[in-house]
There are 2 protein chains.
Amino acid sequence: MPKIGMEPLRRRALIDATISAIGERGSLNVTVSEIAGRAGVSSALAHHYFGPKEELLQATMRQLLADLGHDSVAALRKATTPRERISAIIAVNFNAGQFREETVHAWLAFYVEAQNSLPLRRLLGVYARRLHSNLMSGLAPIMPRAEAGQMAEAIAAMIDGLYIRRALRDGLPNPASASGLVEDYVDAKLAQRAGAR
Amino acid sequence: MPKIGMEPLRRRALIDATISAIGERGSLNVTVSEIAGRAGVSSALAHHYFGPKEELLQATMRQLLADLGHDSVAALRKATTPRERISAIIAVNFNAGQFREETVHAWLAFYVEAQNSLPLRRLLGVYARRLHSNLMSGLAPIMPRAEAGQMAEAIAAMIDGLYIRRALRDGLPNPASASGLVEDYVDAKLAQRAGAR
DNA sequence: TATTTTTAATTGACTGGTCAATCAACAAAA
DNA sequence: TTTTGTTGATTGACCAGTCAATTAAAAATA
């Protein structure tokens with residue numbers, strides 16, 4: 001029973017189904033049929049809208065990236081001081097929406113797939129650069145540029161690491177304690193700087 | 001031209017081939033034939049010695065784990081103070097053998113596969129617990145247990161995160177700067193403690 | 001308004017290719 | 001002649017991607 005204007009709805013449903021399918025399987029080893037089934041359509045329709053599977057995966061990754069970006073700008077808008085900007089970025093990465101198990105699984109799976117796919121690698125590059133520059137917007141005003149760069153690198157690594165550990169032993173790093181660890185690192189570094197002055 | 005005593009040699013060659021194949025492809029999407037080919041044998045022989053593919057993967061993971069464990073005990077033996085023990089563990093994870101690109105790729109790929117495989121998940125659990133306890137052996141003597149636990153968790157996350165970032169944009173975090181970031185975190189935390197006393 | 005034509009949505013059936021796993025057979029050492 | 005090492009050939013399953021065919025809404029035409 002074809003109703004017009006289905007395309008955007010179907011695209012969105014297929015992308016959502018891709019995230020949840022990957023989240024459950026824990027890897028990109030999900031068939032197009034499986035994804036389409038979850039979205040309530042046939043695999044042929046998925047190919048109709050997205051072409052080859054690879055494109056559906058890229059669209060899904062872009063969605064994940066867009067969601068994270070949206071949350072980030074919203075959080076940064078509320079921050080007034082540099083220190084608050086740092087905390088805002090950390091908080092975003094561990095909020096309920098981003099730190100969901102299926103989302104974390106999807107990110108991890110995409111990291112692996114990116115080794116084989118230039119488009120996916122580019123998208124992850126966008127993510128890494130954006131995280132870095134967001135962190136720098138809070139760090140650069142309060143310390144020398146070089147030092148800020150190092151610290152942004154360390155914070156980013158810690159966030160990625162907590163994601164990976166979340167994927168492994170589910171539950172252990174809950175959102176609050178995970179962001180607490182990163183905040184604690186920031187506090188320690190800032191205290192060290194203040195003391196040395 | 002069958003010569004006796006080939007089994008251990010073949011097993012080892014197949015495991016090495018698995019690591020390098022996964023390292024190059026960047027994912028576990030390597031065929032048994034590809035692996036066997038690299039080891040200079042037929043795929044049938046791989047199945048003869050390891051049975052299903054899954055078992056070959058497990059054996060490979062165990063090998064990776066054993067190598068890391070071996071390096072760790074060697075490094076810890078040379079450390080005399082608690083602070084040196086911490087540095088020893090950090091150094092091991094970023095030394096030339098462990099931080100090779102293909103090794104890093106293999107670890108990452110196994111992290112993803114572990115979501116689907118109980119045996120692999122168990123093996124990664126062994127790794128996580130061992131890393132944690134090695135770090136604790138350096139941290140526990142110099143701070144309260146709870147605090148040491150937190151810090152071990154943070155260090156471990158940072159190490160894992162640097163691995164993931166290494167896999168993504170190859171080159172950027174070179175061994176020296178990667179371990180430098182972690183050492184810097186440890187120094188900041190210890191300075192913070194010393195200052196607060 | 002009634003009728004025809006075009007366009008969008010949708011799927012079942014099919015194809016071609018890939019790959020893990022098996023097996024029967026063979027070669028050489030013990 | 002038994003055991004160990006080894007492989008080519010084959011099977012069976014799975015799956016991405018294609019295509020022709022179907023339905024109904026929308027637009028155009030009479």
Side-chain angles (χ1 to χ4, degrees), chain A residues 1-22 24-61 109-110 112-113 115-120, chain B residues 1-22 24-61 109-110 112-113 115-120:
Chain A
M1 29 334 232
K3 298 158 192 167
I4 66 137
M6 294 305 286
E7 175 155 359
L9 301 181
R10 294 305 192 199
R11 289 189 102 98
R12 184 61 204 233
L14 283 163
I15 287 173
D16 289 347
T18 304
I19 296 175
S20 82
I22 292 174
E24 262 180 43
R25 276 271 188 296
S27 89
L28 291 193
N29 255 355
V30 278
T31 68
V32 174
S33 299
E34 156 84 10
I35 293 170
R38 281 168 182 262
V41 297
S42 74
S43 71
L45 194 65
H47 285 295
H48 174 64
Y49 284 130
F50 286 97
K53 185 184 182 182
E54 168 87 10
E55 247 176 75
L56 172 57
L57 295 180
Q58 288 169 29
T60 303
M61 177 96 237
F110 278 120
V112 170
E113 188 65 12
Q115 312 303 321
N116 289 335
S117 159
L118 184 57
L120 286 184
Chain B
M1 27 343 229
K3 297 156 192 167
I4 66 136
M6 294 305 285
E7 175 154 358
L9 300 181
R10 294 305 193 199
R11 291 188 99 98
R12 184 62 203 231
L14 282 164
I15 286 173
D16 288 347
T18 304
I19 295 174
S20 82
I22 292 174
E24 263 181 41
R25 276 270 187 299
S27 86
L28 291 193
N29 256 354
V30 278
T31 68
V32 173
S33 299
E34 156 84 11
I35 293 170
R38 281 167 182 264
V41 297
S42 74
S43 70
L45 194 65
H47 285 294
H48 174 65
Y49 284 130
F50 286 97
K53 186 185 183 183
E54 169 87 10
E55 246 175 76
L56 172 57
L57 295 180
Q58 288 168 29
T60 303
M61 177 97 237
F110 278 120
V112 170
E113 188 63 13
Q115 312 304 320
N116 289 335
S117 159
L118 185 56
L120 286 184

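All values derive from a computational prediction rather than experimental measurement. To find a chain, count down the sequence lines: A is the first, B the second, and so on, and within it residues start at 1.
Inter-residue side-chain proximity for A:T60 and A:F50 is flagged as unmet; no heavy-atom pair is nearer than 4.5 Å. By the 4.5 Å heavy-atom criterion applied to side chains, A:Q115 and B:S27 are not counted as neighbours.
The nearest whole Å value for the distance from the CD1 atom in A:I4 to the P atom in D:dA26 is 5 Å. Summarising the geometry, the separation between CZ on A:F50 and C1' on C:dT10 is reported as 16 Å, rounded to the nearest angstrom.
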Return a table of donor-acceptor pairs under 3.5 angstrom between the side chains of residues 5-13 of chain A and protein atoms on other chains or two or more places apart.
residue: A:E7; atom: OE2; partner: A:R11; partner atom: NH1; Å: 2.7
residue: A:R11; atom: NH1; partner: A:Y49; partner atom: O; Å: 3.4
residue: A:R11; atom: NH2; partner: A:Y49; partner atom: O; Å: 3.2
residue: A:R12; atom: NE; partner: A:D16; partner atom: OD1; Å: 3.2

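Note on A:Y49: only backbone sugar-phosphate atoms sit closer than 4.0 angstrom, heavy atoms only; bases stay farther off.
B:L14 and B:A39 make their closest contact through CD2-CB, 3.8 Å (heavy atoms, listed as atom of the first residue, atom of the second, distance). Smallest separation of non-hydrogen atoms from B:F110 and B:L120: CD2-CD1, 4.0 Å. Pairing each heavy atom of A:I35 with each of A:T18, the nearest pair is CG2-OG1, 3.4 Å. Residues B:G26 and A:V112 approach most closely at O-CG1, 3.6 Å, considering heavy atoms.
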Find every protein N or O atom lying less than 3.5 Å from an N or O atom of nucleotides 18-22 of chain C, and list the pairs.
residue: C:dA20; atom: OP1; partner: B:K53; partner atom: NZ; Å: 3.1
residue: C:dA20; atom: OP2; partner: B:V32; partner atom: N; Å: 3.0
residue: C:dA21; atom: OP2; partner: B:K53; partner atom: N; Å: 2.6

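Fit an axis to the five pairs at each end of the helix from C:dT1-D:dA30 to C:dA30-D:dT1 and the two axes sit 10° apart, to the nearest 10 degrees.
Rounding to the nearest 0.5 Å gives a distance of 10.0 Å between CD1 of A:I22 and CG of A:N29.
By the side-chain hydrogen bond (donor to acceptor under 3.5 Å, both in side chains) test, A:S117 is found to be paired with A:E54, residues two or more places apart in sequence or in another chain being considered. Residues satisfying the side chain to side chain contact (heavy atoms under 4.5 Å, CB included) test with A:V32, not counting sequence neighbours, are A:S43, A:A46, A:H47, A:K53. In this view, A:E24 and A:R38 satisfy the salt bridge (Lys or Arg N to Asp or Glu O under 4.0 Å) rule, not counting sequence neighbours.
Contacts between residues 35-42 of chain A and DNA chain C, defined by a heavy-atom separation below 4.0 Å, involve A:V41, A:S42, listed by number. Within residues 7-16 of chain B, the residues having any heavy atom under 4.0 Å from DNA chain D are, by residue number, B:E7, B:R10.
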**Prompt:** Please walk me through it: do A:M61 and A:E113 pass side chain to side chain contact (heavy atoms under 4.5 Å, CB included)?
**Reply:** CA-CA 11 Å; A:M61 177 96 237; A:E113 188 65 12; over 6 Å; no
